[in-house]
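For ligands, and for the atoms within them, numbers begin at 1 and follow the listed sequence. Positions are given from 1 along the sequence.
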Amino acid sequence: MTFRAHYRCGEGCDFQAELTEVVYRCPRCGGLLEVEHDVAALAGRSPDDWKALFDGRFRTGPWPLGSGVWGKKEWVYPQLSLSSVVSMYEGGSPLLRVDRYAREIGLEDVWVKECGVTHTGSFKDLGMTVLVSAVQEMRARGTPIRAVACASTGDTSAALSAYCAAAGIPSVVLLPRGKISTAQLVQPIANGALVLELDTDFDGCMRVVQALSETPDIYLANSMNSLRIEGQKTASIEIAQQLGWRSPDWIVIPGGNLGNASAVAKGFLLMKALGVVDRLPRLVVAQAAAANPLFLATTAAGVPPTPSVEVKPVAAQRTLASAIQIGAPVSARRALRGLAALDGLVEQATEQELADAAARADRAGLFTCPHTGVALAALESLAARGVVKRGDRVVVISTAHGLKFSDFKVGYHDATLPGLAAPLRNPAVRVAASLGAVQDAIAARHGKG
Ligand SMILES: *Cc1c(COP(=O)(O)O)cnc(C)c1O
Ligand SMILES: [Zn+2]
């Protein structure tokens, strides 16, 4: 059986292109492109056969099919030649049931999909493996691509540089100076990318990189490039797979540029269309209150998310959730389509709420990044309001590894985050180097033996 996918205009006009063409927007209407699969051909294989195929490859099988993304190649980029794949064994991340945390917030069936447990520490690896593999294939066919470039709030640049370094493809990353964590900045530096720090915010970097990629020899790696969505979509397929090919009741995800939220929706819609799951989950997109254009356009305005909602750009304020400090989300329309299809909701979280939610989850054994804190805070608020019910099964998408955001953690526990209280702080206790002092400290915390 041969499967094929191509670009189609996401706004419904009839523009189509091959995935090996250098094109990001519809030349007719300016809409973003979507990768469209031949669903009729995919439906020629039964749901049970797809499940068996994917289960047989999951974290095993010949390279690179053990990758969570490439194990689902037929649903991602079917006609790509395997020799073009640039993989870091991405995906296959843990889906954890977090019972202690769930009990604390009045729920019983909460899971965390640890998308940050991966090569560069964020879910961006899932999309970047597809994009860089596609570039590898285009270069092999003689397309003159000099470098791959992105604007980034930190994690995209880390993923792009790593995959490009593995393939020997030059990469250029544009970062807002002073607005990303040290761990994020050092990743592209270490991987040999050309790292450009611009005195602007993410939206400013995005404008420059879009202009830069008008020349076709600089290939654009931001998530307006829908190849990335295809890889990111596999996180939702893995969630269903890890739950025994069932959908949860809710998926909660932090959203900035809103590519990942649309990817998750796209994955569930494909699984439902092919009968691999029998129903769709409801989707919650959580934004930081400091950068909340989607929230303002929907929930705050009392308007349900539908494709006809207009998302007005805002000036994103500083937020601890730096990877979602985005005021003009490029994939807003895609996300609105996904939200409408998955009976979705848009929530927001303040800095205090996201910091406390992250600390609360950490106390139950996690090590959450601030963006995951935004999603958890949204869940806490939905649970408190009874929208999410006690027995509902919820999967929270954790987007990055907490170790990339150690400044945030240290700041919380030292109570030095400006303007924030730290009710759940657990600062280190300085004691004399003696048995007695250590015993006293233990007694003070845990009582006398
Ligand atoms: C990129 C990123 C997000 C936001 O994803 P979008 O697709 O831009 O909505 C959230 N969290 C982390 C850690 C990220 O790196
Ligand atoms: Zn179009």
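- Every heavy atom of A261 sits 4.0 Å or more from the atoms of ligand 1.
- You'll find the side chain of C115 stays beyond 4.5 Å of the side chain of S398, heavy atoms only.
- Residue T399 places at least one N or O, backbone or side chain, under 3.5 Å from an N or O of ligand 1.
- Remark: ligand 1 atoms within the under-4.0 Å shell around heavy atoms of K124 are 1 (C), 2 (C), 3 (C), 14 (C), 15 (O).
- By the criterion of a heavy-atom distance under 4.0 Å, the backbone of L258, and not its side chain, is placed next to ligand 1.
- For ligand 1, the atoms lying closer than 4.0 Å to a non-hydrogen atom of G256 are 4 (C), 6 (P), 8 (O), 9 (O).
- If you number the atoms of ligand 1 from 1 as listed, the ones under 4.0 Å from a heavy atom of G255 come out as 9 (O).
- Within 6.0 Å of atom CZ in R146, 12 or fewer heavy atoms from other residues, nucleotides or ligands are found, so the atom counts as exposed in its surroundings.
- With salt bridges taken as basic N to acidic carboxylate O contacts below 4.0 Å, none links R363 and E104.
- Taking 4.5 Å as the limit, every side-chain heavy atom of W111 sits out of range of all side-chain heavy atoms of P248.
- One finds no salt bridge joining K73 and E230 here, because no Lys/Arg side-chain nitrogen approaches an Asp/Glu carboxylate oxygen to under 4.0 Å.
- For N257, a nitrogen or oxygen atom sits less than 3.5 Å from a nitrogen or oxygen atom of ligand 1, counting backbone and side chain alike.
- Contact annotation: for Q232 versus ligand 1, there are no heavy atoms closer than 4.0 Å.
- Near D155, meaning under 4.0 Å from any of its heavy atoms, are these atoms of ligand 1: 12 (C), 13 (C), 14 (C), 15 (O).
- Remark: ligand 1 and N260 share an N or O pair separated by less than 3.5 Å (distance only, no angle test).
- At the top of the distance list for atom 10 (C) of ligand 1, counting protein heavy atoms only, stands I324 CG2, 3.5 Å.
- The residues D407 and K409 are annotated as not salt-bridged, no charged nitrogen and carboxylate oxygen being separated by less than 4.0 angstrom.
- One finds an angle of 110° at the Zn ion (ligand 2) between SG on C26 and SG on C9, to the nearest 10 degrees.
- Aromatic ring centres of W63 and W70 lie farther apart than the 6.0 Å criterion allows.
- With respect to atom 5 (O) of ligand 1, the closest heavy atom belonging to the protein is F123 CZ, 3.4 Å.
- Proximity of E108 to R393: side-chain heavy atoms (C-beta onward) are nowhere separated by under 4.5 Å.
- In this structure, S213 contributes its side chain and V209 its backbone to a donor-acceptor pair below 3.5 Å.
- Numbered from 1 in the order shown, with element, the atoms of ligand 1 that lie under 4.0 Å from a heavy atom of G259 read 6 (P), 7 (O), 9 (O).
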